[in-house]
Structures are given as C-alpha cells and as structure tokens.
Engineer: 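For reference, the structure I am asking about is given below.
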Amino acid sequence: MEILRAENLVKTYGTGSNTIRALDGVTFSIENGEFVSIVGTSGSGKSTLIHILGGVDEPDSGKVYMNGQDVFARSRSQLAIFRRRQVGIIYQFNNLIPQMTVKENIQLPALLEGRKVEENFYQEILGQLELEGRENDLPDMLSGGQQQRVAIGRTLINNPQVILADEPTGNLDMRNTQKIINLFKHINKWFKRTIVLITHDQEIALQTDRILTIENGRIERDVPTVGGRA
Ligand SMILES: Nc1ncnc2c1ncn2[C@@H]1O[C@H](COP(=O)(O)OP(=O)(O)OP(=O)(O)O)[C@@H](O)[C@H]1O
Ligand SMILES: [Mg+2]
C-alpha cells in the first residue's frame, strides 16, 4: 500500500536572475514499510525535498500525499498535527537544546503538547538507542553519535508512520554510522515504520530497499537494491 507520494514537486528559491530551481518536477511513490534512501550531490535538492515531504516547507507547485491525503490542502491546524504526529524529521544538523538533558530533549515533543510520555515506551527507546545511564546528561557531554541518537529518540517518541532522516550520520565515523543504520533497519523491520534516509554514502544506500538518485532537482534514477532486505 502506498503511504507517501510526491507529484511533480517544484520549488524555487530567490527571484529574477538569481532564481535557483531546487526541485524541478519530482515525482515518486513510497510503499508503507519501505526503507528508501535518497542520494545526490551537494545542492541537488535533498534537504529541500525532505522539508516538503515533512510539511515544514511548501512547494511552489505539485503535491504531497500521505495516506492518500493532500498534505498541503489541510488547514493550518491539521498541518501542525501532521507534522507532530504522522511524520518525524531528523535534521541534517541535530537541533538538540543544549540546556536540556537527554531525557528532556527526547521527550520535548510530548512536553510541548502537554502529553505524558509512556514510561515503558520511553525506556524501550532509550535502550534501543544505547543511551541508558545518560538520561540526565546535557548534549555537550555526549559524543556526536550519541547526540544524533538523542535526536532520533526525539523523533521516535512520537511514533510517526514515516521517518524522514536528512544525513543523520553525516559527521560520524564508520562504526557509529553503521550503528545508526542498524537502528533504522531495526525500527523499519520491527516497528514497521517507513523510512526515507538521505545519505551521500553509497555503502549505506545499498543497505536500504531502494535508492532514489536526485540531480539538479530531478529524480534521475529510482532502483531497488539487491541486498537491501538481507
Ligand atoms: N533557503 C534557501 N534560500 C536560497 N537557496 C536555497 C535555500 N535552501 C536551499 N537553497 C538552494 O537550493 C538548492 C538545493 O539545496 P538543498 O539544501 O536541498 O541541497 P542538498 O541536496 O540538501 O545539499 P547538501 O547535500 O549539501 O545538504 C541549492 O542550490 C541551495 O543553494
Ligand atoms: Mg542537505
């Protein structure tokens, strides 16, 4: 079943002769439960695409459908709920709050909504992220990989159907990168979450089900991998 569809997305920045066409007619469909990677050179439009899929930025034209519903046809309040509940974005540069502990950073989305976090679920996430015992630490006491895992935890706590991750392993060494990819595989397989992962690393992309290649704001290739599910 299709969960997410992009239809002819166009996004430009700037005006006149300075116009940059960041997305130039992007169309694809993602099935529920798929683990898809998006690769492309710097400036090809990957982050722009993720922000639009996540409803935080609007396209100039084109549509995004989530579960068959036109995301940008929603009212402002429905769009806000969509952003908080149905999708989760993990940003290219983690946006942890330095004055907040690991626990507070992870629970932030729920705290902002005045929702109580179920303790068992929180503990499970903490365990999966291998952050037990670090709950009361501040972000600057953690390694880059641990910080990135806190950012992932913040996304997981909302249990979104679709996780959009923008180069979450960009600044990590190979070992920590692989740990995070393994975590995504686990979330994909056991929690049946759909994952869209941006990466510039072909080795990582080959571990997903399918690779979309974007160049100059266009999908140049869309191919399933051989070993993705292995
Ligand atoms: N807010 C903005 N204002 C003007 N131009 C922008 C803005 N955001 C992105 N762009 C331009 O749009 C194009 C696509 O940018 P985008 O951030 O989507 O690339 P990317 O594929 O994520 O690159 P990277 O791999 O370096 O993160 C680039 O040419 C970029 O300079
Ligand atoms: Mg980017």
Side-chain angles (χ1 to χ4, degrees), residues 4-30 34-66 71-72 76 79-80 82-83 87-96 139 144-145 147-152 154-155 160 162-174 176-178 180-181 183-184 194-223 225:
L4 188 64
R5 178 154 48 106
E7 232 175 60
N8 209 13
L9 293 176
V10 173
K11 177 75 179 179
T12 52
Y13 291 110
T15 52
S17 57
N18 292 325
T19 305
I20 293 171
R21 217 170 163 81
L23 297 181
D24 189 18
V26 168
T27 300
F28 59 82
S29 162
I30 292 178
E34 262 193 301
F35 186 179
V36 178
S37 51
I38 298 180
V39 302
T41 51
S42 180
S44 56
K46 304 181 299 295
S47 294
T48 304
L49 177 60
I50 284 278
H51 295 153
I52 290 175
L53 294 178
V56 296
D57 206 358
E58 258 194 79
D60 299 344
S61 62
K63 293 196 189 295
V64 175
Y65 294 93
M66 171 97 178
V71 167
F72 294 103
R76 284 177 77 94
L79 188 60
F82 166 77
R83 286 200 298 252
V87 292
I89 300 185
I90 297 161
Y91 288 94
Q92 186 163 11
F93 305 102
N94 84 55
N95 50 355
L96 301 181
Q147 288 182 26
Q148 202 50 267
R149 297 208 292 276
V150 175
I152 294 171
R154 176 188 285 173
T155 299
V162 177
I163 296 169
L164 306 167
D166 192 353
E167 285 222 42
T169 59
N171 319 313
L172 304 180
D173 60 36
M174 243 168 61
N176 276 300
T177 294
Q178 191 55 51
I180 292 205
I181 299 309
L183 178 66
F184 279 122
T194 304
I195 301 178
V196 181
L197 173 78
I198 290 180
T199 176
H200 61 262
D201 186 335
Q202 197 68 22
E203 290 293 311
I204 293 175
L206 284 169
Q207 298 184 52
T208 67
D209 299 331
R210 174 179 162 204
I211 307 176
L212 294 177
T213 306
I214 185 168
E215 279 314 324
N216 296 317
R218 291 179 151 273
I219 302 288
E220 288 294 330
R221 277 183 299 281
D222 179 351
V223 288
T225 60

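In each ligand, atom 1 is the first atom listed, and ligand 1 is the first ligand listed.
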Engineer: Does Asp166 come within less than 4.0 Å of Lys46, counting only side-chain N to carboxylate O?
Structural biologist: no
Engineer: Looking only at protein heavy atoms, which one is nearest to atom 18 (O) of ligand 1, and how far off is it?
Structural biologist: Thr48 OG1, 2.6 Å
Engineer: Just to confirm my output: which protein heavy-atom neighbour is closest to atom 25 (O) of ligand 1, and how far is it?
Structural biologist: Lys46 NZ, 2.7 Å
Engineer: Going through the distances and angles, do Leu197 and Ile181 end up as a side chain to side chain contact (heavy atoms under 4.5 Å, CB included)?
Structural biologist: CA-CA 10 Å; Leu197 173 78; Ile181 299 309; 4.0 Å; yes
Engineer: Does any N, O or S atom in Ser47 come within less than 2.8 Å of the Mg ion (ligand 2)?
Structural biologist: yes
Engineer: Please determine whether any non-hydrogen atom of Ser44 lies less than 4.0 Å from an atom of ligand 1.
Structural biologist: yes
Engineer: Do you know which of Ile90, Thr169, Ile204 makes side chain to side chain contact (heavy atoms under 4.5 Å, CB included) with Ile180?
Structural biologist: Thr169
Engineer: Provide, to 0.1 Å, the distance between atom 17 (O) of ligand 1 and the closest protein heavy atom, together with that atom's residue and name.
Structural biologist: Ser47 CB, 3.7 Å
Engineer: What's the shortest distance from atom 27 (O) of ligand 1 to any protein heavy atom, and which residue and atom give it?
Structural biologist: Gln92 NE2, 3.0 Å
Engineer: I'd like to check Leu4 versus Glu34 (side-chain heavy atoms, cut-off strictly below 4.5 Å). Are they in contact?
Structural biologist: no
Engineer: Quick check: does Gly45 get an N/O under 3.5 Å from an N/O on ligand 1?
Structural biologist: yes
Engineer: Just checking Asn216: does its CG atom have more than 12 heavy atoms from other residues, nucleotides or ligands closer to it than 6.0 angstrom?
Structural biologist: no
Engineer: I need the atoms of ligand 1 closer than 4.0 Å to a non-hydrogen atom of Ala22, numbered in the order shown.
Structural biologist: 12 (O), 13 (C), 14 (C)
Engineer: Is Glu220 atom CD crowded by more than 12 heavy atoms from other residues, nucleotides or ligands, each under 6.0 Å away?
Structural biologist: yes
Engineer: Under a plain distance cut-off of 3.5 Å, with no hydrogens placed, do Thr41 and Glu215 share a side-chain donor-acceptor pair?
Structural biologist: yes
Engineer: Report the nearest protein non-hydrogen atom to atom 9 (C) of ligand 1: residue, atom name, distance rounded to 0.1 Å.
Structural biologist: Tyr13 CE1, 3.3 Å
Engineer: Considering all protein heavy atoms, does one lie under 4.0 Å from atom 13 (C) of ligand 1?
Structural biologist: yes
Engineer: Which pair of heavy atoms, one from Ala6 and one from Leu53, lies closest together, and at what distance?
Structural biologist: CB-CD2, 4.3 Å
Engineer: List the closest protein heavy-atom neighbour of atom 29 (O) of ligand 1: residue, atom name, distance to the nearest 0.1 Å.
Structural biologist: Ile20 CG2, 3.7 Å
Engineer: Would Leu23 and Ile214 count as a side chain to side chain contact (heavy atoms under 4.5 Å, CB included) here? Give the steps.
Structural biologist: CA-CA 9 Å; Leu23 297 181; Ile214 185 168; 4.0 Å; yes
Engineer: Report yes if Gly43 has an N/O atom closer than 3.5 Å to an N/O atom of ligand 1; otherwise report no.
Structural biologist: yes
Engineer: In terms of residue, atom name and distance, what is the protein heavy atom nearest to atom 26 (O) of ligand 1?
Structural biologist: Ser42 OG, 2.6 Å
